[in-house]
*Asks:* 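Next up is a structure, given as structure tokens.
All chains are named by letter (A, B, ...) in the order of the sequence lines, taking the proteins before the strands, and each is independently numbered beginning at 1. Reckoned from all heavy atoms, side chains included, excluding hydrogens, waters and symmetry mates.
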Protein chains: 2
Amino acid sequence: MSEISKEKEKSILNAARKRFAHYGFSKVTMDEIAGDVEMGKASLYYYFPTKEDLFKAVVVQEQSEFVNNIESLLRKQISAAEKLNEYVEQRLKYFRDLVNLGALSVHSVFDIKSMFKKLFEDFEAQELILLGKIIEEGKSNGEFSNDLSKDFVKIFLHILQGLRFRVVKLLNEHKADEDTYKNLECEMKIATNYLIKGISCK
Amino acid sequence: MSEISKEKEKSILNAARKRFAHYGFSKVTMDEIAGDVEMGKASLYYYFPTKEDLFKAVVVQEQSEFVNNIESLLRKQISAAEKLNEYVEQRLKYFRDLVNLGALSVHSVFDIKSMFKKLFEDFEAQELILLGKIIEEGKSNGEFSNDLSKDFVKIFLHILQGLRFRVVKLLNEHKADEDTYKNLECEMKIATNYLIKGISCK
DNA sequence: TTTTCGACTTATCAAGTAAATTAGTCGATA
DNA sequence: TATCGACTAATTTACTTGATAAGTCGAAAA
């Protein structure tokens with residue numbers, strides 16, 4: 001694939017991201033995206049085999065951005081506790097983007113035919129690894145208790161997932177105002193800090 | 001309303017509870033329930049104005065059973081930490097019953113027209129009060145830190161809600177095996193205990 | 001007066017269908 | 001290798017209908 005083609009692929013990806021972020025997956029047609037990059041619809045299929053694959057490519061892009069951010073976070077010279085806090089913040093930002101894409105609407109989240117199943121499973125595995133590193137670091141430098149349950153990482157992640165889900169549910173019920181997300185952020189941070197206290201060596 | 005009528009009402013409630021627990025709300029007809037108590041369908045409407053109201057009555061019954069359990073838990077002579085742990089356990093049992101009733105299927109949970117909206121809102125308020133009492137007790141007897149964020153109770157409850165919710169999602173995705181609930185219980189207990197450590201005076 | 005019920009109406013839901021939109025294919029072309 | 005016009009096939013939507021079950025009402029039994 002030539003340099004020019006790679007550029008084209010990027011511009012398609014970009015147009016798609018904008019459209020999806022604005023209207024969500026189902027409300028965007030391939031014709032529209034093709035129009036944005038001044039191509040025929042058929043040409044898009046030269047680059048992406050299906051509409052779903054195009055969408056996934058957009059999500060994967062966001063995802064790897066997040067992972068990169070975390071990996072550079074890991075290299076920082078700050079305490080494991082601070083890293084956990086920053087992790088929570090970055091994660092929130094990432095999911096906010098996914099919500100915009102419509103990838104996390106109630107319908108897509110609760111759609112068992114969800115095209116993201118595997119994608120999200122892989123992502124969870126990756127998160128467990130990243131968080132595991134932070135926890136291990138905290139253990140080895142004496143910040144965190146050494147007899148920490150080996151399930152703690154998973155539970156911590158599930159708490160974050162659960163708190164966010166609750167909000168997705170509220171959004172669906174139209175019981176969410178502007179600062180529901182602000183509030184979620186607040187809850188996650190407070191919860192994180194009590195948990196950090198709970199796992200710290202006193 | 002006579003004594004006999006109160007008995008009839010109870011037997012209707014009972015028959016309804018059994019049917020709903022077995023088949024869920026939508027799969028049970030008023031004719032069936034009427035058959036169980038050897039009455040005509042029209043007679044049920046003498047006691048309960050709608051099918052929904054009958055169902056709600058069943059749920060309210062379970063709910064007040066739970067609240068009673070917790071209120072007697074509050075009177076026990078055990079530490080606040082132990083009370084929190086028992087609270088989590090009782091709460092799980094209560095929700096397991098609601099799931100059986102079909103009141104907590106994904107569809108009903110995510111149905112914004114859910115007939116339970118108000119019921120659940122009231123229940124959450126009640127839970128905040130009950131949990132608040134446990135936390136206050138822990139503060140006043142020196143178990144828990146006195147500078148505990150006043151949002152802690154809410155966050156603790158939201159964590160429990162979130163963890164359960166995650167499981168509802170898994171159930172929907174058919175990614176849940178027999179011991180998903182066992183696992184949920186385990187996660188809630190571990191999370192509870194780290195949080196207790198986090199809020200304890202060391 | 002309280003309670004029951006048969007016979008009725010009305011609302012809801014599931015299945016099917018037709019029309020329209022859009023995903024995806026293919027052969028031609030530059 | 002990259003593009004596209006013209007095609008097909010799959011999905012979605014809106015509508016129809018038939019059936020089932022919710023809910024009403026007036027009469028009558030207790």
*Asks:* Rounded to the nearest angstrom, tell me the gap between atom NZ in B:K27 and atom C1' in C:dA14.
*Replies:* 10 Å
*Asks:* Write down the atom of B:A15, the atom of B:V37, and the distance for their closest heavy-atom approach.
*Replies:* CB-CG1, 3.8 Å
*Asks:* Check every atom of D:dT3, C:dG6, C:dA23 against the side chain of A:Y47 and return the nucleotide holding the closest atom.
*Replies:* D:dT3
*Asks:* Kindly point out which of C:dG24, C:dT3, D:dG23 is positioned nearest to the side chain of B:Y45?
*Replies:* D:dG23
*Asks:* How long is the line joining CE of A:M39 and P of D:dG5, in whole Å?
*Replies:* 12 Å
*Asks:* OP1 or OP2 of C:dT22 versus the side-chain N and O atoms of A:T29: is any pair under 4.0 Å?
*Replies:* no
*Asks:* Can the positive tip of B:K51 be found less than 6.0 Å from the middle of the six-membered ring of B:F25, inside 45° of the ring normal?
*Replies:* yes
*Asks:* Indicate whether OP1 or OP2 belonging to C:dT3 is found under 4.0 Å from a side-chain N or O atom of B:S5.
*Replies:* yes
*Asks:* Under 4.0 Å between any heavy atoms, over every strand shown, what does B:V37 touch: base, sugar-phosphate, or nothing? Just pick one.
*Replies:* nothing
*Asks:* In this structure, are over 12 heavy atoms from other groups packed under 6.0 Å from B:I4 atom CD1?
*Replies:* no
*Asks:* I'd like to know if B:E185 pairs up with B:K182 as an ion pair, taking the criterion as any Lys NZ or Arg NE/NH1/NH2 lying under 4.0 Å from an Asp or Glu carboxylate oxygen.
*Replies:* yes
*Asks:* Starting from P on C:dA11, measure out to CD on B:E52 and report it in whole angstrom.
*Replies:* 16 Å
*Asks:* Output the rounded distance in Å from NZ (A:K51) to C1' (D:dA10).
*Replies:* 13 Å
*Asks:* Taking only the side-chain nitrogens and oxygens of B:K8, find out if one of them lies under 4.0 Å from OP1 or OP2 of C:dT4.
*Replies:* yes
*Asks:* Taking only the side-chain heavy atoms of B:M30 (C-beta and beyond), determine which of D:dT24, D:dC4, D:dA22 contains the nearest atom.
*Replies:* D:dA22
*Asks:* With a cut-off of under 6.0 Å to the ring centre and 45° to the axis, is A:R91 in cation-pi contact with A:F66?
*Replies:* no
*Asks:* Could you check how far CZ of A:F25 sits from C1' of C:dT22, rounded to whole Å?
*Replies:* 12 Å
*Asks:* Where the side chain of A:Y46 is defined as all heavy atoms beyond and including C-beta, which of D:dC4, D:dT3, C:dT3 is the nearest nucleotide?
*Replies:* D:dT3
*Asks:* Could you say whether B:V28 or A:G40 is positioned toward the 5' end of DNA chain D, judged by the nucleotide with the nearest heavy atom to each?
*Replies:* A:G40
*Asks:* Could you state the CG-P distance from B:D31 to D:dA22, rounded to the nearest angstrom?
*Replies:* 7 Å
*Asks:* Over how many whole Å does the gap from B:R19 atom CZ to D:dA21 atom C1' extend?
*Replies:* 15 Å
*Asks:* Figure out the CZ/C1' separation between A:F48 and D:dA2, and round it to whole Å.
*Replies:* 15 Å
*Asks:* Consider the side chain of A:K41, meaning its heavy atoms from C-beta on, and name the nucleotide among D:dT3, C:dT4, C:dG24 that approaches it most closely.
*Replies:* C:dG24
